[in-house]
Amino acid sequence: MINQKEKVIIIGSGAAGLSAAIYAARANLEPLVIEGIQPGGQLTITTDVENYPGYADVVQGPWMMEQMRLQAKKVGARIISDIVTSVEFNKNKKIINLDSNKVFESQTVIVATGAQAKWLGLKSESDFNGKGVSACATCDGFFYKNKEVAVIGGGNTAVEEALYLSNICSKVTLIHRRNELRAEKILQKRLFERNNISIIWNNIVSEIKGNESGVNSIQLTSVDSDRTEIVNVEGVFVAIGHSPSTQAFEGVLDMDNEGYIIAQNPGTTFTNVDGVFAAGDCVDKIYRQAVTAAGMGCMAALDAEKWLQNY
(Lines give C-alpha, C1' and ligand atoms only; values in the text may rest on other atoms or scores of the structure.)
Protein backbone atom coordinates (compact mmCIF):
# COMPACT_ATOMS: atom_id res chain seq x y z
CA MET A 1 0.00 0.00 0.00
CA ILE A 2 1.39 3.39 -1.04
CA ASN A 3 1.25 5.93 1.77
CA GLN A 4 2.47 8.94 -0.18
CA LYS A 5 3.25 10.00 -3.75
CA GLU A 6 5.84 12.62 -4.66
CA LYS A 7 7.50 14.29 -7.65
CA VAL A 8 11.01 14.23 -6.18
CA ILE A 9 12.30 12.25 -3.22
CA ILE A 10 15.83 12.90 -2.03
CA ILE A 11 17.43 10.14 0.05
CA GLY A 12 20.09 11.61 2.33
CA SER A 13 20.59 14.94 4.05
CA GLY A 14 24.27 15.79 3.76
CA ALA A 15 25.74 18.49 1.53
CA ALA A 16 24.61 16.68 -1.64
CA GLY A 17 21.08 15.93 -0.46
CA LEU A 18 20.35 19.37 0.98
CA SER A 19 21.85 21.16 -2.04
CA ALA A 20 19.61 19.04 -4.26
CA ALA A 21 16.67 19.95 -2.03
CA ILE A 22 17.40 23.68 -2.34
CA TYR A 23 17.57 23.57 -6.12
CA ALA A 24 14.56 21.28 -6.50
CA ALA A 25 12.47 23.42 -4.15
CA ARG A 26 13.36 26.60 -6.03
CA ALA A 27 12.19 24.86 -9.22
CA ASN A 28 8.78 24.31 -7.54
CA LEU A 29 9.26 20.53 -7.46
CA GLU A 30 8.26 20.31 -3.76
CA PRO A 31 11.01 17.81 -2.86
CA LEU A 32 10.77 15.48 0.10
CA VAL A 33 14.04 14.72 1.89
CA ILE A 34 14.43 11.46 3.84
CA GLU A 35 17.19 12.27 6.33
CA GLY A 36 18.63 8.81 6.84
CA ILE A 37 20.73 7.37 9.63
CA GLN A 38 23.06 10.39 9.89
CA PRO A 39 21.09 13.64 9.48
CA GLY A 40 23.37 16.30 8.09
CA GLY A 41 25.90 13.80 6.79
CA GLN A 42 29.59 13.59 7.61
CA LEU A 43 30.00 17.32 8.22
CA THR A 44 28.02 16.95 11.43
CA ILE A 45 31.01 15.09 12.89
CA THR A 46 33.50 17.69 11.66
CA THR A 47 34.49 20.71 13.71
CA ASP A 48 36.56 23.27 11.82
CA VAL A 49 35.62 23.77 8.17
CA GLU A 50 37.98 26.13 6.36
CA ASN A 51 37.78 24.95 2.74
CA TYR A 52 34.10 25.52 1.92
CA PRO A 53 33.71 28.65 -0.26
CA GLY A 54 31.84 31.61 1.18
CA TYR A 55 33.24 31.70 4.71
CA ALA A 56 36.16 34.00 5.44
CA ASP A 57 36.51 32.56 8.93
CA VAL A 58 36.58 28.94 10.02
CA VAL A 59 33.05 27.59 10.64
CA GLN A 60 31.80 24.54 12.48
CA GLY A 61 30.54 21.60 10.42
CA PRO A 62 27.33 20.99 12.46
CA TRP A 63 26.44 24.69 12.29
CA MET A 64 27.01 24.79 8.53
CA MET A 65 24.76 21.78 7.96
CA GLU A 66 22.06 23.22 10.20
CA GLN A 67 22.15 26.41 8.13
CA MET A 68 21.90 24.37 4.93
CA ARG A 69 18.95 22.46 6.39
CA LEU A 70 17.17 25.68 7.38
CA GLN A 71 17.82 27.11 3.92
CA ALA A 72 16.30 24.04 2.25
CA LYS A 73 13.19 24.25 4.42
CA LYS A 74 12.88 28.00 3.88
CA VAL A 75 12.68 27.60 0.10
CA GLY A 76 10.08 24.84 0.37
CA ALA A 77 11.75 21.45 0.90
CA ARG A 78 10.11 19.04 3.33
CA ILE A 79 12.33 16.91 5.55
CA ILE A 80 11.37 13.76 7.44
CA SER A 81 13.36 11.59 9.85
CA ASP A 82 13.32 8.04 8.52
CA ILE A 83 15.56 5.41 6.97
CA VAL A 84 15.21 3.73 3.57
CA THR A 85 15.33 -0.06 3.93
CA SER A 86 14.75 -1.13 0.31
CA VAL A 87 13.65 0.21 -3.07
CA GLU A 88 11.95 -0.94 -6.25
CA PHE A 89 12.93 1.24 -9.21
CA ASN A 90 11.91 1.26 -12.85
CA LYS A 91 11.29 4.00 -15.41
CA ASN A 92 7.61 4.43 -14.58
CA LYS A 93 7.55 3.77 -10.85
CA LYS A 94 9.95 4.29 -7.96
CA ILE A 95 8.90 2.62 -4.71
CA ILE A 96 10.73 3.41 -1.46
CA ASN A 97 10.22 1.30 1.66
CA LEU A 98 11.00 2.99 4.97
CA ASP A 99 12.01 1.75 8.41
CA SER A 100 8.73 3.16 9.75
CA ASN A 101 6.90 0.67 7.46
CA LYS A 102 5.64 3.51 5.28
CA VAL A 103 5.86 3.11 1.52
CA PHE A 104 6.44 6.11 -0.76
CA GLU A 105 6.22 6.41 -4.52
CA SER A 106 8.01 9.09 -6.51
CA GLN A 107 8.37 10.11 -10.14
CA THR A 108 12.06 10.82 -9.59
CA VAL A 109 14.58 9.93 -6.88
CA ILE A 110 17.91 11.52 -5.97
CA VAL A 111 20.20 9.19 -4.02
CA ALA A 112 22.59 11.15 -1.79
CA THR A 113 23.29 8.67 0.98
CA GLY A 114 26.98 9.47 1.42
CA ALA A 115 29.48 7.12 3.02
CA GLN A 116 30.37 5.69 6.44
CA ALA A 117 33.65 5.05 8.22
CA LYS A 118 35.51 1.80 7.61
CA TRP A 119 36.72 -0.35 10.50
CA LEU A 120 39.77 -2.57 10.93
CA GLY A 121 37.68 -5.71 11.38
CA LEU A 122 39.31 -6.87 14.61
CA LYS A 123 37.23 -8.62 17.26
CA SER A 124 38.93 -6.53 19.93
CA GLU A 125 37.99 -3.40 17.98
CA SER A 126 34.35 -4.40 18.18
CA ASP A 127 34.67 -5.38 21.84
CA PHE A 128 36.01 -1.94 22.81
CA ASN A 129 33.81 0.12 20.48
CA GLY A 130 32.55 2.96 22.63
CA LYS A 131 34.97 2.00 25.40
CA GLY A 132 38.12 3.44 23.91
CA VAL A 133 37.61 2.79 20.20
CA SER A 134 36.02 5.44 17.99
CA ALA A 135 35.84 6.55 14.36
CA CYS A 136 35.11 10.18 15.20
CA ALA A 137 37.62 12.37 17.00
CA THR A 138 35.30 15.35 17.10
CA CYS A 139 32.58 13.23 18.70
CA ASP A 140 34.71 11.53 21.33
CA GLY A 141 37.99 13.40 21.58
CA PHE A 142 36.88 15.40 24.62
CA PHE A 143 36.80 12.22 26.69
CA TYR A 144 40.56 11.83 26.20
CA LYS A 145 41.65 15.26 27.36
CA ASN A 146 45.30 15.16 28.49
CA LYS A 147 45.52 11.44 27.66
CA GLU A 148 47.54 9.48 25.11
CA VAL A 149 45.71 8.20 22.03
CA ALA A 150 46.42 6.53 18.68
CA VAL A 151 45.05 7.35 15.24
CA ILE A 152 45.05 4.63 12.57
CA GLY A 153 45.45 5.62 8.91
CA GLY A 154 47.44 7.75 6.49
CA GLY A 155 44.99 9.80 4.44
CA ASN A 156 43.36 13.18 4.94
CA THR A 157 40.91 11.83 7.49
CA ALA A 158 43.61 10.32 9.68
CA VAL A 159 45.78 13.43 9.61
CA GLU A 160 42.82 15.72 10.33
CA GLU A 161 41.83 13.50 13.25
CA ALA A 162 45.38 13.52 14.62
CA LEU A 163 45.62 17.32 14.33
CA TYR A 164 42.31 17.78 16.08
CA LEU A 165 43.23 15.39 18.89
CA SER A 166 46.62 17.05 19.36
CA ASN A 167 44.79 20.10 20.72
CA ILE A 168 43.11 17.97 23.38
CA CYS A 169 45.34 15.01 24.18
CA SER A 170 48.79 14.97 25.73
CA LYS A 171 50.18 12.74 22.96
CA VAL A 172 48.91 11.41 19.63
CA THR A 173 50.54 8.46 17.87
CA LEU A 174 49.68 8.04 14.20
CA ILE A 175 49.96 4.42 12.98
CA HIS A 176 50.35 3.91 9.24
CA ARG A 177 50.94 0.69 7.32
CA ARG A 178 53.11 2.42 4.70
CA ASN A 179 56.24 4.57 4.85
CA GLU A 180 54.59 7.75 3.60
CA LEU A 181 51.25 9.49 4.04
CA ARG A 182 48.58 9.88 1.39
CA ALA A 183 47.19 13.08 2.92
CA GLU A 184 47.40 16.50 1.25
CA LYS A 185 50.81 18.15 1.61
CA ILE A 186 49.45 21.11 3.61
CA LEU A 187 47.97 18.70 6.15
CA GLN A 188 51.20 16.72 6.33
CA LYS A 189 53.14 19.91 6.99
CA ARG A 190 50.85 20.78 9.89
CA LEU A 191 51.15 17.26 11.25
CA PHE A 192 54.94 17.21 11.19
CA GLU A 193 55.03 20.58 12.97
CA ARG A 194 53.05 19.34 15.98
CA ASN A 195 55.34 18.48 18.87
CA ASN A 196 52.92 16.06 20.52
CA ILE A 197 52.29 13.93 17.42
CA SER A 198 54.56 10.99 16.61
CA ILE A 199 54.32 8.57 13.68
CA ILE A 200 54.97 4.84 13.59
CA TRP A 201 55.50 3.74 9.99
CA ASN A 202 55.06 0.33 8.34
CA ASN A 203 52.91 -1.14 11.09
CA ILE A 204 49.35 -2.34 11.47
CA VAL A 205 47.21 -2.66 14.58
CA SER A 206 46.87 -6.39 15.20
CA GLU A 207 45.02 -6.19 18.51
CA ILE A 208 43.45 -3.67 20.85
CA LYS A 209 43.98 -4.47 24.52
CA GLY A 210 42.24 -3.35 27.67
CA ASN A 211 40.01 -4.31 30.57
CA GLU A 212 36.57 -3.49 31.97
CA SER A 213 37.59 0.17 32.25
CA GLY A 214 38.40 0.37 28.54
CA VAL A 215 41.40 0.43 26.21
CA ASN A 216 44.88 0.61 27.72
CA SER A 217 47.15 -0.36 24.81
CA ILE A 218 47.42 -1.56 21.23
CA GLN A 219 49.57 -4.28 19.72
CA LEU A 220 51.34 -3.37 16.50
CA THR A 221 52.75 -5.80 13.96
CA SER A 222 55.37 -4.79 11.43
CA VAL A 223 54.37 -5.21 7.78
CA ASP A 224 57.98 -6.20 7.01
CA SER A 225 58.39 -8.89 9.68
CA ASP A 226 56.62 -10.64 12.54
CA ARG A 227 57.94 -8.10 15.04
CA THR A 228 55.29 -6.85 17.45
CA GLU A 229 55.22 -3.82 19.70
CA ILE A 230 52.93 -2.66 22.48
CA VAL A 231 51.97 1.03 22.61
CA ASN A 232 50.19 2.33 25.68
CA VAL A 233 47.15 4.44 24.78
CA GLU A 234 43.72 5.04 26.27
CA GLY A 235 41.94 5.84 23.04
CA VAL A 236 42.06 4.46 19.49
CA PHE A 237 40.63 6.45 16.58
CA VAL A 238 40.18 4.48 13.36
CA ALA A 239 40.49 6.67 10.26
CA ILE A 240 41.10 4.33 7.31
CA GLY A 241 38.49 5.56 4.89
CA HIS A 242 34.83 5.15 4.14
CA SER A 243 32.35 2.80 2.52
CA PRO A 244 29.43 4.14 0.48
CA SER A 245 26.03 3.82 2.16
CA THR A 246 24.37 2.09 -0.77
CA GLN A 247 23.21 -1.25 0.65
CA ALA A 248 19.54 -0.44 0.08
CA PHE A 249 20.19 -0.12 -3.67
CA GLU A 250 22.12 -3.35 -4.25
CA GLY A 251 20.79 -5.24 -7.26
CA VAL A 252 18.81 -2.17 -8.35
CA LEU A 253 21.42 0.46 -9.23
CA ASP A 254 24.68 -0.28 -11.04
CA MET A 255 27.66 -0.12 -8.66
CA ASP A 256 31.37 -0.78 -8.84
CA ASN A 257 33.12 -3.48 -6.80
CA GLU A 258 33.38 -1.13 -3.81
CA GLY A 259 29.68 -0.32 -3.75
CA TYR A 260 29.84 3.15 -5.27
CA ILE A 261 26.96 4.01 -7.60
CA ILE A 262 28.06 4.39 -11.21
CA ALA A 263 27.04 7.51 -13.13
CA GLN A 264 25.92 6.43 -16.59
CA ASN A 265 27.09 9.51 -18.47
CA PRO A 266 30.18 11.54 -17.55
CA GLY A 267 29.24 14.99 -16.31
CA THR A 268 25.73 13.96 -15.24
CA THR A 269 24.14 12.26 -12.23
CA PHE A 270 22.07 9.72 -14.20
CA THR A 271 22.06 6.15 -12.91
CA ASN A 272 21.13 3.05 -14.90
CA VAL A 273 17.47 3.54 -13.92
CA ASP A 274 15.66 6.25 -15.86
CA GLY A 275 14.54 8.98 -13.46
CA VAL A 276 16.91 8.02 -10.63
CA PHE A 277 19.94 10.21 -9.99
CA ALA A 278 22.87 9.95 -7.58
CA ALA A 279 25.10 12.59 -6.03
CA GLY A 280 27.81 13.05 -3.41
CA ASP A 281 30.02 10.53 -1.66
CA CYS A 282 27.87 7.53 -2.62
CA VAL A 283 29.12 8.19 -6.18
CA ASP A 284 32.36 10.12 -5.75
CA LYS A 285 35.28 8.14 -4.35
CA ILE A 286 37.95 10.46 -5.73
CA TYR A 287 37.31 13.95 -4.35
CA ARG A 288 34.93 13.30 -1.43
CA GLN A 289 34.67 16.95 -0.45
CA ALA A 290 31.66 18.87 0.85
CA VAL A 291 31.89 21.37 -1.99
CA THR A 292 31.96 18.69 -4.69
CA ALA A 293 29.06 16.87 -3.00
CA ALA A 294 27.05 20.11 -2.94
CA GLY A 295 27.85 20.68 -6.61
CA MET A 296 26.69 17.19 -7.50
CA GLY A 297 23.51 17.76 -5.51
CA CYS A 298 22.81 20.81 -7.64
CA MET A 299 23.48 18.77 -10.79
CA ALA A 300 21.11 16.01 -9.65
CA ALA A 301 18.29 18.46 -9.01
CA LEU A 302 18.75 20.06 -12.43
CA ASP A 303 18.92 16.63 -14.09
CA ALA A 304 15.72 15.59 -12.30
CA GLU A 305 13.97 18.82 -13.31
CA LYS A 306 14.82 18.29 -16.98
CA TRP A 307 13.77 14.64 -16.79
CA LEU A 308 10.38 15.59 -15.33
CA GLN A 309 9.80 18.06 -18.15
CA ASN A 310 9.91 15.15 -20.58
CA TYR A 311 8.13 12.64 -18.34
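Side chains are part of it too, since the values below use all heavy atoms of this structure and drop only hydrogens, waters and symmetry mates.
The closest side-chain donor-acceptor pair between Glu207 and Ser124, if any, does not fall under 3.5 angstrom. Between the side chains of Ser100 and Asp82, a donor-acceptor pair is found at a separation under 3.5 Å. If you check the side chains of Ser206 and Gln219, you find a donor sitting under 3.5 Å from an acceptor.
A tilted orientation is assigned to the rings of Phe192 and Trp201, their planes being inclined by 30° to 60°.
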Table please: side-chain donor-acceptor pairs of residues 261-268 below 3.5 Å, with sequence neighbours left out.
unit_1: Gln264; atom_1: NE2; unit_2: Ile262; atom_2: O; d: 3.3
unit_1: Thr268; atom_1: OG1; unit_2: Asn265; atom_2: O; d: 2.9
unit_1: Thr268; atom_1: OG1; unit_2: Phe270; atom_2: N; d: 3.4

Please table the atom pairs, donor to acceptor, closer than 3.5 Å between any side-chain atom in residues 17-27 and protein atoms at least two apart or in another chain.
unit_1: Ser19; atom_1: OG; unit_2: Ala15; atom_2: O; d: 2.7

Name each donor-acceptor pair under 3.5 Å that joins a side chain in residues 176-185 to protein atoms two or more places apart or in another chain, with its distance.
unit_1: His176; atom_1: NE2; unit_2: Glu180; atom_2: O; d: 3.0
unit_1: Glu184; atom_1: OE2; unit_2: Asn156; atom_2: ND2; d: 3.3

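For the pair Thr221 (side chain) and Thr228 (backbone), a donor-acceptor distance under 3.5 Å is absent. Judged by distance alone, with hydrogens and angles left aside, the side-chain atoms of Arg194 form a donor-acceptor pair with the main-chain N or O of Leu163 at under 3.5 Å. Side-chain N or O atoms of Gln116 include none that pairs as donor or acceptor with a backbone N or O of Ser243 at under 3.5 Å. At distances below 3.5 Å, not a single donor-acceptor pair connects side-chain atoms of Asn202 with backbone N or O atoms of Val223. Ser225 places no side-chain N or O within donor-acceptor distance of the main-chain N or O of Ser222, the cut-off being under 3.5 Å. At distances below 3.5 Å, not a single donor-acceptor pair connects side-chain atoms of Glu305 with backbone N or O atoms of Asp303.
Summarising the local packing, CD of Glu193 is surrounded by more than 12 heavy atoms from other residues, nucleotides or ligands at distances under 6.0 Å. At most 12 non-hydrogen atoms from other residues, nucleotides or ligands lie less than 6.0 angstrom from NZ of Lys102. For CG of Asn211, the number of neighbouring non-hydrogen atoms (other residues, nucleotides, ligands) closer than 6.0 Å is greater than 12.
Glu66 and Lys73 are not joined by a salt bridge, as no carboxylate oxygen comes within less than 4.0 angstrom of a charged side-chain nitrogen.
Annotation: side chain of Leu308 is in contact with side chain of Val8 (closest heavy-atom distance under 4.5 Å). Using a 4.5 Å heavy-atom threshold, the side chains of Val33 and Arg78 count as separate. With contacts defined as side-chain heavy-atom distances shorter than 4.5 Å, the pair Phe277/Val111 does not qualify. In this structure the side chain of Val291 never reaches within 4.5 angstrom of the side chain of Asn51, judged on heavy atoms. Contact check for Asp256 versus Lys285: side-chain heavy atoms found under the 4.5 Å cut-off.
Note that the OG atom of Ser245 and the CD1 atom of Ile11 stand 12.0 Å from one another [nearest 0.5 Å]. Here CZ of Phe104 is found 10.0 Å from CD1 of Ile2. Values are rounded to the nearest 0.5 Å. The NZ atom of Lys74 sits 9.5 Å away from the CG atom of Leu70 when rounded to the nearest 0.5 Å. The distance from the CD atom of Glu234 to the OG atom of Ser217 is 10.5 Å, given to the nearest 0.5 Å. Between the OH atom in Tyr164 and the CZ atom in Phe237 there is a gap of 9.0 Å [rounded to 0.5 Å].
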Steps toward salt bridge (Lys or Arg N to Asp or Glu O under 4.0 Å) verdict (Lys94, Glu6): CA-CA 10 Å; Lys94 286 86 181 171; Glu6 301 288 340; over 6 Å; no
